Amino acid sequence: MQRLKVKVRAYKKLVKCYRQHTSKPRSREWDAVFSCNLYSEAWPCQDYGYSQPDDRVNVQMRYKLLRKLVKIVLSDRPEGGRFFLKTDGVYVKPEGEWIRKIASFDWRD
C-alpha cells in the first residue's frame, strides 16, 4: 500500500471541489468520490454506475493532489474507475470485489 504526504489545505480543496460539482454527496461515509479513466482524466462522481462523457466535469488539472491520486489509482487499476476518499486514505471497489484501501495519507500542515 502506498503512503502519500497530503497537506490538510489541499485535501480540503479537493473535498470542496467534489461538493461544488455534485448536487448531493453520494454518502456520508466518504469525504469525496471521483472517477478517472486510462487517459488520467478525473471528475467528481455523484451517481452510481457509468458517468456519461457529457456529464463529466474534468477537474484533475486544477489539483496537484488529485493528479497524484489518479496516478495511484491507475497503478492499481490501469483502466481507471471510481475511487473514494476519507481522511485515512484512498479506496477502490472494482466490480465483483470488496472495497479495499490502496493508499494511506501522511498529514502535513
Side-chain angles (χ1 to χ4, degrees):
M1 179 179 328
Q2 295 189 39
R3 293 194 66 79
L4 181 64
K5 294 177 184 175
V6 176
K7 292 183 179 179
V8 172
R9 187 173 178 215
Y11 186 81
K12 285 182 179 181
K13 281 184 179 181
L14 204 53
V15 171
K16 183 178 178 181
C17 167
Y18 168 71
R19 291 187 178 147
Q20 285 175 338
H21 292 289
T22 55
S23 57
K24 63 177 185 166
R26 281 176 49 114
S27 165
R28 291 183 185 170
E29 181 180 3
W30 308 109
D31 293 332
V33 181
F34 289 88
S35 270
C36 65
N37 62 21
L38 66 146
Y39 305 111
S40 298
E41 297 170 329
W43 56 92
C45 290
Q46 65 177 343
D47 295 323
Y48 295 93
Y50 180 74
S51 299
Q52 295 294 331
D54 290 343
D55 295 334
R56 300 173 186 173
V57 178
N58 234 336
V59 295
Q60 84 278 3
M61 297 312 277
R62 296 183 210 158
Y63 302 94
K64 184 178 180 180
L65 175 56
L66 185 56
R67 290 191 303 269
K68 289 179 181 181
L69 296 174
V70 167
K71 282 184 180 182
I72 291 170
V73 171
L74 292 176
S75 70
D76 183 78
R77 303 181 62 200
E79 72 280 5
R82 196 151 289 157
F83 57 100
F84 307 85
L85 305 179
K86 286 200 311 192
T87 55
D88 69 333
V90 181
Y91 295 78
V92 294
K93 186 191 178 304
E95 194 170 324
E97 293 184 28
W98 294 100
I99 196 153
R100 60 186 166 81
K101 189 175 184 179
I102 60 169
S104 293
F105 295 146
D106 281 334
W107 290 101
R108 306 286 185 235
D109 288 330

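What's counted below: heavy atoms across the whole structure, side chains too, no hydrogens, waters or symmetry copies. Keep in mind that this is a model prediction, so the values were computed, not measured. Positions are given from 1 along the sequence.
Other residues, nucleotides and ligands contribute over 12 non-hydrogen atoms within 6.0 Å of the NZ atom of K86. Counting non-hydrogen atoms of other residues, nucleotides and ligands closer than 6.0 Å to NZ of K93 gives a total above 12.
L65 has its side chain within reach of V6: a pair of non-hydrogen atoms, C-beta onward, lies under 4.5 Å apart. Put simply, the side chain of R82 does not reach to within 4.5 Å of the side chain of V92, judged on heavy atoms. Proximity of Y63 to C17: side-chain heavy atoms (C-beta onward) are separated by under 4.5 Å at one or more points. Using a 4.5 Å heavy-atom cutoff, the side chains of L85 and V33 are not in contact.
To the nearest 0.5 angstrom, D76 atom CG is 12.0 Å from F83 atom CZ. Taken to the nearest 0.5 Å, the OH atom of Y11 stands 9.0 Å off from the CG atom of L69.
When all heavy atoms are compared, the tightest approach of P44 to V59 is CD-CG2, 3.9 Å.
There is a path of hydrophobic side-chain contacts, each under 4.5 Å, that joins V15 to V8.
Applying the side-chain contact (heavy atoms from CB on, under 4.5 Å) test to L74 and every residue at least two apart in sequence or in another chain returns C36, S40, V70. With sequence neighbours excluded, no residue forms a side-chain hydrogen bond (donor to acceptor under 3.5 Å, both in side chains) with R9. Residues passing the salt bridge (Lys or Arg N to Asp or Glu O under 4.0 Å) test with R77 are E79, sequence neighbours excluded. With sequence neighbours excluded, the residues forming a side-chain hydrogen bond (donor to acceptor under 3.5 Å, both in side chains) with E97 are R100, listed by chain and number. Contacts of Y91 classified as ring pair (Phe, Tyr, Trp, His ring centres under 6.0 Å), with partners at least two apart in sequence or in another chain: W30.
Side chain to side chain, D31 and Y18 fail the donor-acceptor criterion of an N or O pair below 3.5 Å.
Summarising the hydrophobic clusters (Ile, Leu, Val, Met, Phe, Trp, Tyr; side-chain heavy atoms under 4.5 Å, direct or chained), the residues clustered with W98 are none. Through side-chain heavy atoms spaced under 4.5 Å, either directly or across other Ile, Leu, Val, Met, Phe, Trp or Tyr residues, L38 is tied to Y39.
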| query | Do W43 and N37 pass the side-chain contact (heavy atoms from CB on, under 4.5 Å) test, and can you show the C-alpha distance, the side-chain angles, and the key distance before you say yes or no? | reply | CA-CA 9 Å; W43 56 92; N37 62 21; 3.9 Å; yes
Acceptor/donor pairs from residues 102-109 side chains to any protein atom, 3.5 angstrom cut, sequence neighbours excluded:
residue	atom	partner	partner atom	Å
S104	OG	K101	NZ	3.4
D106	OD1	R3	NE	3.2
D106	OD1	R3	NH2	2.2
D106	OD2	R3	NE	3.4
W107	NE1	T87	O	3.0

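Each side-chain hydrogen bond (donor to acceptor under 3.5 Å, both in side chains) pair with one or both residues in residues 64-73, not counting sequence neighbours, would appear here, but there are none.
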